[in-house]
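This report refers to the structure that appears directly beneath it.
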Amino acid sequence: MNYRKNKLERLAKVAHLYYEEEKTQGEIANLMHVSRPLVSRILHEARDIGIVEIRVHQPACDTEAMLKRLCQRYGLQGGVLFSDEESSAMIDHNIAKRTLEFIEEEQPDCLGIGWGTIIGTATKMLDHIPPHETTMKSVCPLLGNSSGSLRQYHSDENVRIIAECYDAKPVFLHAPAFYGDEEERSLLYATRHYQEVCRQWERLDMALVGIHDTTVEHDVGYPMVRNIRTVGHLAAYAYDTNGNIVAPERDCIAHIPLENLAHCRCVVGLCAADVSTVALVGALKTGLLTHIFVRESLTESLLEE
């Protein structure tokens, strides 16, 4: 135990002298009465076991240039790139926090809420924020509720929390997202409350849409539309690598019509830290998104393709 402690202390001391006091390896060798090659090996070991962490910081100007290239390539109005220095959970936290700030900045009249990790994280944050007045008039779901246990896929509950915080009217769908057949879903379409949601979709001026890999089907409790072409989902619409919507064999999903989403002035794609490059590219190529919130490294790998 003492040997290990002494070894770690020596690794930390050499690392401190080299990285923080900026001494050369030769100077450190003389100070510690060891050979220069041994100092080099100690520094390598200090990095290998995590005593020293080397991070390359992307200059702000490079991040801005990368975002500009992304917007130009995919016809976006804007977005935010998030540093990869944090853990995946922290990246998702930062995206959720910025999403709430964006809502406050834009002050939409009618806000539509989709599904996903970021939206779930954002609503948890709102649990601790006192209700306050905004110009927002209503909040509605973009799709029905999942039968899964994760709160981030319970649309009406997320609508309730967001509307309550922003002093807006909640408009609930009161229905599942997935039906056994088209006839069963048609019964929903005939209800009064569904027609009210449809009116909200027609006047929607901001939509928060989670971008998902095909594996999301394990979370939502339903086999999402998926075939050999499908690379991802947004608002429960499957799409391929070219951004084409993959039509289901049976259309049994209750969600916002594509034409309403396409006419919304601000559609924000929320890309959680674990989303793949191929799912992001396909989502961007749908042409539905106007803004994207995504981590830097995913954007960088996307632009290199």
* Could you tell me whether the side chain of Thr230 and the main chain of Gly232 form a donor-acceptor pair under 3.5 Å? => no
* For Asp156, which residues count as a side-chain hydrogen bond (donor to acceptor under 3.5 Å, both in side chains) partner, sequence neighbours excluded? -> Asn145
* Is there a side-chain contact between Cys165 and Ile161 (heavy atoms, below 4.5 Å)? -> no
* Structure fact -> ring pair (Phe, Tyr, Trp, His ring centres under 6.0 Å) pairs touching residues 116-138, sequence neighbours excluded, are His132-Tyr166
* State which residues pass side-chain hydrogen bond (donor to acceptor under 3.5 Å, both in side chains) with Lys13; sequence neighbours excluded, sorted by chain then number. => none
* To do: Could you tell me whether the side chain of Asp92 and the main chain of Ala273 form a donor-acceptor pair under 3.5 Å?
  => yes
* Asked: Hey, is the main chain of Thr24 close enough, under 3.5 Å, to the side chain of Glu27 for a donor-acceptor pair?
  -> yes
* Using the salt bridge (Lys or Arg N to Asp or Glu O under 4.0 Å) rule, collect all pairs that involve residues 176-201, keeping only residues at least two apart or in two chains. => Lys169-Glu196, Arg185-Asp251, Glu196-Arg199
* Heavy atoms from other residues, nucleotides or ligands near NZ of Lys285 exceed 12 (cutoff 6.0 Å) -> yes
* To do: Answer yes or no: is there a donor N or O on one side and an acceptor on the other, between the side chain of Thr299 and the main chain of Arg295, under 3.5 Å?
  => yes
* Between the side chains of Gln107 and Thr135, does any donor sit under 3.5 Å from an acceptor? -> yes
* Hey, are the side chains of Ser138 and Gln200 touching, using non-hydrogen atoms and a 4.5 Å cut-off? -> yes
Under 3.5 Å, side-chain donor or acceptor atoms of residues 252-266 against the rest of the protein: list the pairs with distances, not counting sequence neighbours.
{"from": "His255", "atom 1": "ND1", "to": "Ala235", "atom 2": "O", "distance (Å)": "2.9"}
{"from": "His263", "atom 1": "ND1", "to": "Glu259", "atom 2": "O", "distance (Å)": "2.7"}
{"from": "Arg265", "atom 1": "NE", "to": "Asp205", "atom 2": "O", "distance (Å)": "3.4"}

* **Set of side chain to side chain contact (heavy atoms under 4.5 Å, CB included) partners for Thr121, sequence neighbours left out** => Ala96, Thr117, Met125
